[in-house]
Amino acid sequence: MPHKLDQLAINTIRFLAVDAVQAANSGHPGAPLGAAPMAYVLWDRVLRHHPRQPRWFNRDRFVLSAGHASAMLYALLHLTGYDLSLDDIKNFRQWGSKTPGHPEYGEVPGVEVTTGPLGQGFAHGVGMALAEKWLAARYNRPGHAIIDHFTYAIVSDGDLQEGISYEAASLAGHLRLGKLIYLYDDNGIQIEGSTGTNFTEDIHRRFAAQEWQVIGPVDGNDVAALEKAIALARQETEKPSLIHVKTVIGFGSPFAGQADCHGSPLGPEKVAKTKETLGWPLSPAFHVPAEVAEYLGRAVERGAGYEAEWQQKFAAYAAAYPELAEKLRGQMENALPAGWDEGLAELFAGETKPVATRAASGKVLNQLAKKIDWLLGGSADLAPSNQTWIKGEPELSPENPGGRNIHFGVREHAMGAIAGGLALHGGIIPYTGTFLTFSDYMRTPMRLAALMGIRAIYLFSHDSIGLGEDGPTHQPIEHAMLLRQIPNLVLIRPADAAETVEAWKAALTRDNGPTTLLLTRQNVPIFDRAKYGAAAGLHRGGYVLWDSTGKTPQIIFIGTGSELSLALAAGEKLAAEGLAVRVVSLPSWELFDRQDAAYRETVLPAAVRARVAVEAGSTQGWQKYVGLDGAVIGLDRFGLSAPFGVLYEKFGFTVENLVATAKKCLK
């Protein structure tokens, strides 16, 4: 049995969580009652962190992948000295509180990643551990282990049932992420009852097959055994570790071992019964014994010591390796280096031959990589197609953990979350690549990145029916619109090489949210910027590419990506017939909508009601730009397998159709 003070601290964590859930009349009391001992051991005996400096760079990272147990995490944060008061815990799940229903990065001090969708914390943690290993390989020197910390997580049965966890675990084992340690809270219960109804696989053999060290089972109430298991995990440097912890959901409550306490308050009578069973005072609620407050509060002093020791090490490192230290400081602050955009303006100077924007993106990436050596990423086994390989740089591998080209394998879901983990760790700008149609696999981690406001760059090539013969399974239709619906995600669909340069610049300078670039497979014309509007207009989301007269237009064509050249050709044809025509490039709705009303009016004057938008995808949403009197040329059905030129003609993406449609709008 645990030492008396250990037991007192564990029960404090339990009942702060139980009381918070009861006060809110909403939440998950079962997991905190069962998992509190392992969380306590980790936070009290193992975790190197500084509660008063939650973003200290060399801290250990802790991920509560079982985000529904958030009340337990809030109890730990409060008791160990983070800026989270007892009143905050009392305000659990309420409007404007610092204690939302699931942990939210950026909203709650000490929360490393937003969790709740199961499996996401598991995979994001892999990204954090990969970041630590990469930075250590790049910056550590003999006698100067300046990057040296662990990534821990508590994961649940539900986490391990999600496919993303299997994807991420497979890659973590392959990359030998030895500083990744997960505690598996095996309580055998989920919402519908016993996990035995659907989850009977041999977890030990599964993770061993993925090159993990598996420890346990360990009694979830045995503090000494838990501490010993974590120490054993820390000794393994070549394999990530899964510590199998057997717990009882709702421990000590009348619902112990039952699904009833998973996602519902215990109720006043059963809260009282649970407190009685575990020897806890019935009142007051939110009771924190003075000795527990004093004991767990020592984490502040310990944390200050950890950070001070590291600062001394960093000073010695800086004295020995001043250039490396200066570079690392910039990365820790997520600041782009001076001159990071040099050479971009000359990349396509004088180019007149059409080029696919995926190819243009590849050239931009390689130029940027010369200046920003902490820009790294890869593709879901599609690098040659996505043009995401940094030439002249090695691949990231078990033998070379400092490589810059990541082979994610065919694991889009995990790739998105691992990129999020890389960004959350700090010191790295991650990018990913795949076909746009496969963005569906990545939607949840992209949504979380937008919610957390982190800088990640998603490259999606083959962005329309223009990919041709691969057919409707690979031809995205609704995907751009689905991504545009994610708040705080900026989508950019550049129309030519010059806009692709600006799209990359926009993505890199945006440090408060993710950006996605939609890129063509097929070649598209490069616009003569001496004749047409400057591509820098992309940073405002939309701009006037061309005016035929300089006067108020009679008709406005709006295009994005590969269809902008069609809009321009149609506009020039109508202008030759004597009409006043404007062609607008609108590569990013999100950036355009953030401009003030005056600027938007200069681009799309309200008085001009004859408008035609063209984009090879879903028409939904375009009405806000064309109005009731305008028209949208798009595609609201699946594509077909055929050469892309044939597809464009058959589906109406032709100059002739644009001209005819515009004339109808003018009548």
Test item: side-chain donor near acceptor, Thr80 and Trp43, under 3.5 Å:
no
Taking Glu112 first and then Arg55, would you say they form a salt bridge - that is, a charged N and a carboxylate O separated by under 4.0 Å?
yes
Is it true that Glu307 and Arg48 make a salt bridge, defined as a side-chain N closer than 4.0 Å to a carboxylate O?
no
When the ring planes of Trp310 and Phe314 are compared, do they come out parallel, tilted or perpendicular, using 30° and 60° as the limits?
tilted
Crowding at OH, Tyr166 (>12 non-hydrogen neighbours, <6.0 Å):
no
Run the side-chain contact (heavy atoms from CB on, under 4.5 Å) test on Thr516 and Val490 for me, step by step, so that the C-alpha distance in whole Å, both residues' side-chain angles and the decisive distance to 0.1 Å come before the verdict.
CA-CA 6 Å; Thr516 180; Val490 166; over 6 Å; no
Salt bridge (charged side-chain N to carboxylate O under 4.0 Å, His left out) for Lys370 and Glu393? Distances and angles first, verdict last.
CA-CA 10 Å; Lys370 298 174 185 177; Glu393 290 283 349; over 6 Å; no
Flag yes if more than 12 heavy atoms outside Arg455 fall under 6.0 Å of its CZ atom; otherwise flag no.
yes
Verify the ring-centre separation between His244 and Tyr184: is it less than 6.0 angstrom?
yes
Once you round to the nearest 0.5 Å, how far does CG of Leu591 lie from OH of Tyr543?
13.0 Å
Measure from the ring center of Phe592 to the ring center of His539 and say whether it is less than 6.0 Å.
no
Are the side chains of Leu396 and Phe408 in touch, meaning some heavy atoms are under 4.5 Å apart?
no
Which atoms form the tightest heavy-atom contact between Val524 and Ala495, and what is the distance?
CG2-O, 3.4 Å
Minimum heavy-atom separation for Ala66 and Asp159, please, with both atom names.
N-OD2, 3.5 Å
With no hydrogens and no angle check, is any side-chain donor or acceptor of Arg302 less than 3.5 Å from a backbone partner on Gly305?
no
Exceeds 12 heavy-atom contacts within 6.0 angstrom, atom NZ of Lys505:
yes
Residue pair Pro494 / Pro587, side-chain heavy-atom distance below 4.5 Å:
no
Do His124 and Leu448 have side chains that get closer than 4.5 Å, going by heavy atoms?
yes
Note, Leu84 side chain near Lys98 side chain (heavy atom, < 4.5 Å)
yes
Taking atom types as modelled, find out whether Thr357 and Thr520 have a side-chain donor-acceptor pair closer than 3.5 angstrom.
yes
Where do Trp212 and His204 land on the ring pair (Phe, Tyr, Trp, His ring centres under 6.0 Å) test, with the steps shown first?
CA-CA 9 Å; Trp212 284 57; His204 288 231; over 10 Å; no
Taking side chain as C-beta onward, heavy atoms only, is Leu177 less than 4.5 Å from Val126?
yes
Kindly check if the number of other-residue, nucleotide or ligand heavy atoms within 6.0 Å of CZ (Arg52) is above 12?
no
I want to know whether Tyr306 and His49 have ring centres closer than 6.0 Å.
no
Assess the residue pair Arg329 and Glu326 against the criterion (salt bridge (charged side-chain N to carboxylate O under 4.0 Å, His left out)); give the C-alpha distance rounded to whole Å, side-chain angles, the decisive distance to 0.1 Å, and a yes or no.
CA-CA 5 Å; Arg329 284 192 190 98; Glu326 184 61 26; 3.2 Å; yes
Arg234 and Val46, any side-chain heavy atoms less than 4.5 Å apart
yes
Checking Arg176 against Glu211 for the salt bridge (charged side-chain N to carboxylate O under 4.0 Å, His left out) test, could you report, in this order, the C-alpha distance in whole Å, the side-chain angles of both residues, the deciding distance, and whether it holds?
CA-CA 8 Å; Arg176 302 176 190 166; Glu211 302 176 82; 5.7 Å; no
Using a cut-off of 6.0 Å, state whether more than 12 heavy atoms not belonging to Glu301 lie near its atom CD.
no
Separation of Trp504 CH2 from Leu365 CG (nearest 0.5 Å):
4.5 Å
Within 6.0 angstrom of Glu399 CD, more than 12 heavy atoms from elsewhere
yes
Using side-chain contact (heavy atoms from CB on, under 4.5 Å), reason through Tyr458 and Leu436 one step at a time and then give a plain yes or no.
CA-CA 10 Å; Tyr458 311 113; Leu436 178 56; over 6 Å; no
Hey, can you tell me if Tyr317 and Tyr321 have their rings parallel, tilted or perpendicular (30° and 60° cut-offs)?
tilted
Tightest non-hydrogen contact, residues Trp389 and Ala383, listed as CE3-CB, 4.3 Å
Side chains of Thr237 and Lys179: closer than 4.5 Å at any heavy-atom pair?
no
Counting distance only, does the side-chain N/O of Ser70 pair as donor-acceptor with the main-chain N or O of Pro103 below 3.5 Å?
no
d(Ser65 OG, Ile154 CD1) to nearest 0.5 Å is 10.0 Å
Can you measure from CG (Leu77) to CZ (Phe62) and round to the nearest 0.5 angstrom?
9.0 Å
Hey, are Gln387 and Arg358 close enough side-chain-wise for a donor-acceptor pair under 3.5 Å?
no
Taking the basic N atoms (NZ, or NE/NH1/NH2) and the acidic carboxylate oxygens, is any pair closer than 4.0 Å for Glu342 and Lys371?
yes
Rounded to the nearest 0.5 angstrom, the OG-OH distance for Ser85 and Tyr74 is 13.0 Å
Closest non-hydrogen contact found for Glu499 with Arg529 is CG-NH2, 3.7 Å
Please report the C-alpha distance between Arg594 and Glu590 in whole Å, then the side-chain angles of each, then the deciding distance to 0.1 Å, and finally whether the salt bridge (charged side-chain N to carboxylate O under 4.0 Å, His left out) criterion is met.
CA-CA 6 Å; Arg594 292 174 190 174; Glu590 298 77 26; over 6 Å; no
Please tell me whether His174 and His407 form a close aromatic pair, meaning their ring centres lie under 6.0 Å apart.
no
Closer than 4.0 angstrom, basic N to acidic O: yes or no for Arg493 and Asp463?
yes
Before you tell me yes or no, could you show the steps for Met452 and Val113 under side-chain contact (heavy atoms from CB on, under 4.5 Å), namely the whole-Å CA-CA distance, both residues' side-chain angles and the distance that decides it to 0.1 Å?
CA-CA 8 Å; Met452 292 185 283; Val113 57; 3.9 Å; yes
Candidates His50, His149, His425 - the one meeting ring pair (Phe, Tyr, Trp, His ring centres under 6.0 Å) with Phe57
His425
Ring centres of Phe460 and Phe435 under 6.0 Å apart?
no
CD1 of Ile181 to CG of Leu42, rounded to nearest 0.5 Å, is 8.5 Å
Does the side-chain contact (heavy atoms from CB on, under 4.5 Å) test come out yes or no for Ile454 and Tyr105, once each step is laid out?
CA-CA 10 Å; Ile454 57 176; Tyr105 171 82; 3.9 Å; yes
Shortest non-hydrogen contact between Ala419 and Pro430, atoms and distance
O-CG, 3.3 Å
Indicate the atoms forming the closest heavy-atom contact of Ile372 with Arg404, along with that distance.
O-NH2, 2.9 Å
Between the side chains of Glu167 and Arg411, is the shortest nitrogen-to-carboxylate-oxygen separation below 4.0 Å, so that they form an ion pair?
no
Donor-acceptor pair, side chain of Asp60 and main chain of Phe150, under 3.5 angstrom
yes
